[in-house]
Amino acid sequence: MMDLLVKLIQDAVAGYVDSGMPMPQPGISIPANETHGDFSTGIAFNLAPVMKRPPYEIAVEIAKKMGDKTAGIIDKIDVVRPGYINLFMSRKFWHDALQDIMDKGTDYGRNNTGKGKKVLLEYISANPTGPVHVGHGRGAVIGDVLARILSAQGYNVAREYYINDAGNQVLSLGYSVLNGYYKNRSIDRAVSRPGEYQGAYIDDISNALDSRIPAADIDEEHIGLITGFSVQVILDEIKKVLQDFNIEFDNWFSEKQLYHDGSIAGVIGELEKKHAVKQEDGATWFLSTHYGDEKDRVLKKQSGELTYFASDIAYHVNKYARGYDMLINIWGADHHGYLPRIKAALAALGYDAEKLRVMFVQMVRLTRGDKPVAMSKRAGEYVTLKELVDEVGGDAVRFFFLQRSHESQLVFDIELAKKQSQENPVYYVQYAHARISSIFGFAETKGWNTDALQHRQDYVFSGQEKRLLSQCLLYPGLIAEIAVKREPHRLTYYLMDLVGILHKYYTDTRVVDSGSDTDQRLLLMKTVKIVLKNALELLGINAPEKM
RNA sequence: GCGCCCGUAGCUCAGUGUAUAGAGCGUCGGACUUCGAAUCCGCAGGUCGUGGGUUCAAAUCCCACCGGGCGCUCCA
């Protein structure tokens with residue numbers, strides 16, 4: 001329905017825009033002050049600098065043109081200094097809007113702005129050396145919700161988890177387990193390296209070791225076997241925890257595979273062909289300074305081992321080869337220094353580095369009350385995603401993580417989240433959905449057939465009712481914008497607004513009475529419920545009928 | 001020292017050009033014999049880190065500085 005309004009504005013603006021210029025997307029907002037209309041646009045402000053004329057003059061002209069062709073949906077157009085165009089919508093508009101949402105139902109908010117573009121979304125990718133912790137959880141929620149939103153906008157999204165199952169860290173995991181095994185069995189045997197991982201999960205794997213591997217084979221000679229088993233156990237647990245948290249992947253991509261199929265060596269060979277490699281101090285270096293990085297980077301160490309950087313290049317080359325239009329990576333903010341070298345390598349190999357978009361998710365700091373909770377893998381002391389979800393609930397964790405921009409650091413007070421779980425904002429939103437369900441239940445008991453409500457076009461919506469509808473009308477545009485800008489957190493704020501209006505309306509207005517307007521109010525509740533349910537679905541949060 | 005992110009109400013954070021700067025939590029005070037009070041209403045609380053600049057218009061853009069987090073490994 002807003003498309004129609006946007007088109008009316010654009011038609012009026014068309015004369016000002018040169019054929020070469022893209023049509024500006026008019027921003028439409030709901031004014032805080034209702035004397036400023038049902039909707040307002042600041043399109044004249046965007047045009048003013050281009051045309052070098054005062055915004056007010058432009059607004060007057062646009063308003064005049066719009067007034068000539070309102071398609072029956074606009075009653076009145078006001079122009080207010082310094083250049084706002086305020087729109088008062090017609091009765092027909094509101095009824096058409098309500099009907100449109102009803103007709104679309106679960107498809108309301110779905111769109112094809114993505115036009116089938118293939119997107120690879122990589123997120124979490126936590127190392128299989130320990131459980132997923134809350135920092136990963138934040139990336140998990142952002143990635144999952146973004147994937148849902150992109151899919152709803154017609155993008156063809158593949159979700160991927162990159163498993164760092166090669167290299168030193170998993171070897172270190174193997175040694176940690178082996179050492180744990182010796183210690184638990186009081187076996188006094190020297191091992192060439194200590195292993196850096198600690199915690200109850202290491203003990204668990206150690207204890208399970210001889211259930212899978214013959215006891216005679218449990219020694220340093222078979223460290224590869226032990227490592228493989230340990231990674232498998234941890235990975236299974238990661239998959240289970242994520243699945244329980246309703247986070248799925250289309251593909252689990254193994255780093256090891258890149259070693260086995262020779263693609264890392266292949267990539268280094270390609271870089272050599274491009275003369276982007278040097279030998280120095282017995283190591284092989286990528287000349288990333290030639291491509292905008294601040295220093296050159298080692299691909300193959302003096303020891304002959306490949307670096308993670310080398311396999312990461314091969315991984316990204318693999319992504320490009322799979323033919324995606326866009327690659328989105330969600331990384332922890334502590335990896336931001338890593339991006340220039342990846343982009344440098346891709347540029348050196350002739351790939352369009354612009355296709356790669358990395359979202360850096362800032363740190364999560366945990367507290368219990370005023371006391372910070374240490375997050376150290378080394379000490380084996382950290383709060384896992386599973387623990388957090390078990391304590392606070394999955395819906396609340398999702399909502400909480402999406403109440404901040406991913407670019408802001410986040411303080412998560414576990415005590416507070418537990419203590420106030422009943423007052424968590426997520427309940428505020430869910431309660432609205434349950435409340436509407438409850439209204440319908442009540443209406444049924446009073447004899448209304450809520451599946452056959454009569455939509456009467458002569459009903460005049462109150463100010464609050466129009467406000468509710470207009471908030472619902474912003475929804476599709478919001479989802480489209482969130483997809484383009486990759487800002488999933490905005491959806492929680494939208495919901496808080498919508499639900500706030502609904503709760504107030506409920507307090508002020510009796511929906512079900514004996515009068516004939518009850519049908520109209522029930523229809524309105526139905527549209528709000530549709531939007532609530534669709535939005536919660538995108539957040540992966542339950543929309544309960546009862547609480 | 002260099003790079004990225006942040007600095008907005010007591011706390012945690014939205015808002016990133018334009019009409020009196022918002023929410024949640026917290027404080028205080030009100031509203032259930034009527035569709036769910038997990039709700040609603042009201043009061044209090046802000047030099048939008050500081051100083052310059054651009055603009056008809058700056059929390060928002062630019063510059064400098066101050067403060068906090070993270071990163072600057074032949075670590076992963």
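Since we're looking at a predicted model, the values are computed, not measured. Here is how names work: the chains are called A, B, and so on, in the same order as the sequence lines, proteins then strands, and each is numbered from 1.
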**OP:** With P as the reference atom in both, quote the distance from B:rG26 to B:rU39 in angstrom, rounded to an integer.
**Re:** 10 Å

Original post:
Watson-Crick or G-U wobble partner for B:rG26, using a 3.5 Å limit on both distances?
Top reply: none

Original post:
Contact class for A:A432 vs. all strands (heavy atom < 4.0 Å): base, sugar-phosphate, or nothing?
Top reply: nothing

Original post:
What does A:E294 touch in the nucleic acid at a heavy-atom separation under 4.0 angstrom: a base, only the sugar-phosphate, or nothing?
Top reply: sugar-phosphate

Original post:
Is the base of B:rC63 syn or anti, where syn means the angle lies within 90° of 0?
Top reply: anti

Original post:
Between A:R435 and B:rA37, does any side-chain N or O lie under 4.0 Å from OP1 or OP2?
Top reply: yes

**OP:** Sticking with atom C1', work out how far B:rA58 lies from B:rG52, rounded to a whole angstrom.
**Re:** 14 Å

**OP:** In whole angstrom, give me the gap between the P atoms of B:rU8 and B:rG67.
**Re:** 16 Å

**OP:** Have a look at A:T509 and say if it touches a base, only the backbone sugar-phosphate, or nothing, with a 4.0 Å heavy-atom cut-off.
**Re:** base

Between the protein and nucleotides 6-12 of chain B, list every N/O to N/O distance that falls short of 3.5 Å.
unit_1: B:rU12; atom_1: O2'; unit_2: A:R404; atom_2: NH2; d: 2.2

Subject >> Rounded P spacing from B:rG10 to B:rA38 in Å >> reply: 30 Å

Original post:
Does a distance-only test, which skips hydrogens and angles, find a donor-acceptor pair under 3.5 Å between the side chain of A:S40 and the base of B:rA19?
Top reply: yes

**OP:** Name the pairing partner of B:rA44, where a pair is Watson-Crick or G-U wobble with both distances under 3.5 Å, or state none.
**Re:** none

Original post:
Of A:D334 and A:H406, whose nearest nucleotide on RNA chain B comes first from the 5' end?
Top reply: A:H406

Original post:
Would you say B:rC13 has OP1 or OP2 under 4.0 Å from some side-chain N or O of A:H489?
Top reply: no

Subject >> No-hydrogen, no-angle side-chain donor-acceptor test under 3.5 Å, A:S470 and A:D38 >> reply: no

**OP:** Determine whether the aromatic ring centres of A:Y475 and A:Y494 lie less than 6.0 Å apart.
**Re:** yes

Original post:
Across all strands shown, which nucleotide pairs with B:rA38 by Watson-Crick or G-U wobble geometry, both distances under 3.5 Å?
Top reply: none

Original post:
Given B:rC41, B:rC72, B:rA37, which nucleotide is nearest the side-chain atoms of A:Y506?
Top reply: B:rA37

Original post:
Closer to the 5' end of RNA chain B via nearest nucleotide, is it A:E280 or A:N33?
Top reply: A:N33

**OP:** Give the nucleotide from the list B:rC74, B:rC35, B:rG69 with an atom nearest to the side chain of A:D281.
**Re:** B:rC74

Original post:
If the P atom of B:rC5 is compared with that of B:rC11, how far apart are they to the nearest Å?
Top reply: 25 Å

Subject >> Mate of B:rG1 where both pairing distances stay under 3.5 Å, Watson-Crick or G-U >> reply: B:rC72

**OP:** Could you label the plane-to-plane angle of the A:Y315 and A:F253 rings as parallel, tilted or perpendicular, counting under 30° as parallel and over 60° as perpendicular?
**Re:** tilted

Original post:
On a whole-Å scale, what distance lies between the C1' atoms belonging to B:rC65 and B:rU55?
Top reply: 23 Å

Original post:
Which part of the nucleic acid, if any, lies within reach of A:H36 when heavy atoms closer than 4.0 Å are counted: base, sugar-phosphate only, or nothing?
Top reply: base

Original post:
Would A:R53 count as a cation-pi partner of A:Y56, with NZ or CZ less than 6.0 Å from the six-membered ring centre and within 45° of the ring normal?
Top reply: no

Subject >> Inter-nucleotide C1' distance (B:rG22, B:rA14), Å rounded >> reply: 7 Å

Original post:
Counting side-chain heavy atoms from C-beta on, which of B:rC75, B:rG15, B:rC40 comes nearest to A:K301?
Top reply: B:rC75

**OP:** Would you kindly say whether A:T450 and A:E444 are connected by a side-chain donor-acceptor distance under 3.5 Å?
**Re:** yes

**OP:** Classify the side chain of A:H336 versus the base of B:rG3 as yes if they form a donor-acceptor pair under 3.5 Å and no if they do not.
**Re:** yes

Subject >> Length of the CG-C1' vector between A:L173 and B:rC75, whole Å >> reply: 16 Å

Subject >> Side-chain N or O of A:Y427 closer than 4.0 Å to phosphate OP1/OP2 of B:rA38 >> reply: no

Original post:
What do you reckon, is NZ of A:K256 surrounded by more than 12 foreign heavy atoms closer than 6.0 Å?
Top reply: no

Original post:
More than 12 heavy atoms of other residues, nucleotides or ligands under 6.0 Å from CZ of A:R365: is that the case?
Top reply: no

Original post:
Among the nucleotides B:rA14, B:rA23, B:rG36, which one has an atom lying closest to any side-chain atom of A:Y431?
Top reply: B:rG36

**OP:** Could you tell me whether A:D513 contacts a base, only the sugar-phosphate backbone, or nothing, with contacts defined as non-hydrogen atoms closer than 4.0 Å?
**Re:** nothing

Original post:
Can A:R341 be said to sit on top of A:F286's aromatic six-ring, NZ or CZ under 6.0 Å from centre and within 45° of the ring axis?
Top reply: no

**OP:** Please work out whether the ring planes of A:Y459 and A:F461 are parallel, tilted or perpendicular, with thresholds of 30° and 60°.
**Re:** perpendicular

Subject >> Donor-acceptor pair present, A:D497 side chain and B:rA14 base, under 3.5 Å >> reply: no

Subject >> G-U wobble or Watson-Crick pairing nucleotide for B:rG7 (cut-off 3.5 Å, both distances) >> reply: B:rC66

Original post:
If you measure from the C1' atom in B:rA59 to the same atom in B:rU16, how many Å do you get, rounded?
Top reply: 8 Å

**OP:** Would you mind reading off the distance between A:Q471 atom CD and B:rG22 atom P, rounded to a whole angstrom?
**Re:** 16 Å

**OP:** Kindly say if A:Y505 contacts the phosphate of B:rC41, meaning a side-chain N or O under 4.0 Å from OP1 or OP2.
**Re:** no

**OP:** With heavy atoms under 4.0 Å as the rule, sort A:N86 into base, sugar-phosphate or nothing.
**Re:** base

Subject >> Candidates B:rC13, B:rU39, B:rA19 - which lies nearest the side chain of A:Y428 >> reply: B:rU39

**OP:** Would you mind classifying the nucleic acid contact of A:F360 as base, sugar-phosphate or nothing, using non-hydrogen atoms under 4.0 angstrom?
**Re:** nothing

**OP:** Ignoring the backbone of A:Q302, work out which of B:rC74, B:rG36, B:rU39 is nearest its side chain.
**Re:** B:rC74

Original post:
Is A:S438 near enough to B:rG36 that one of its side-chain N or O atoms lies under 4.0 angstrom from OP1 or OP2?
Top reply: yes

**OP:** Indicate whether OP1 or OP2 belonging to B:rU73 is found under 4.0 Å from a side-chain N or O atom of A:K295.
**Re:** yes

Original post:
In the structure shown, which nucleotide is the Watson-Crick or G-U wobble counterpart of B:rU55, with both distances under 3.5 Å?
Top reply: none

Original post:
Just how far is it from atom OG1 of A:T509 to atom NZ of A:K504, taken to the nearest 0.5 Å?
Top reply: 8.5 Å

**OP:** Could you tell me the separation between the CG atom of A:N168 and the C1' atom of B:rU73, rounded to a whole number of Å?
**Re:** 13 Å

**OP:** State yes or no: are the ring centers of A:Y431 and A:H503 separated by less than 6.0 Å?
**Re:** yes

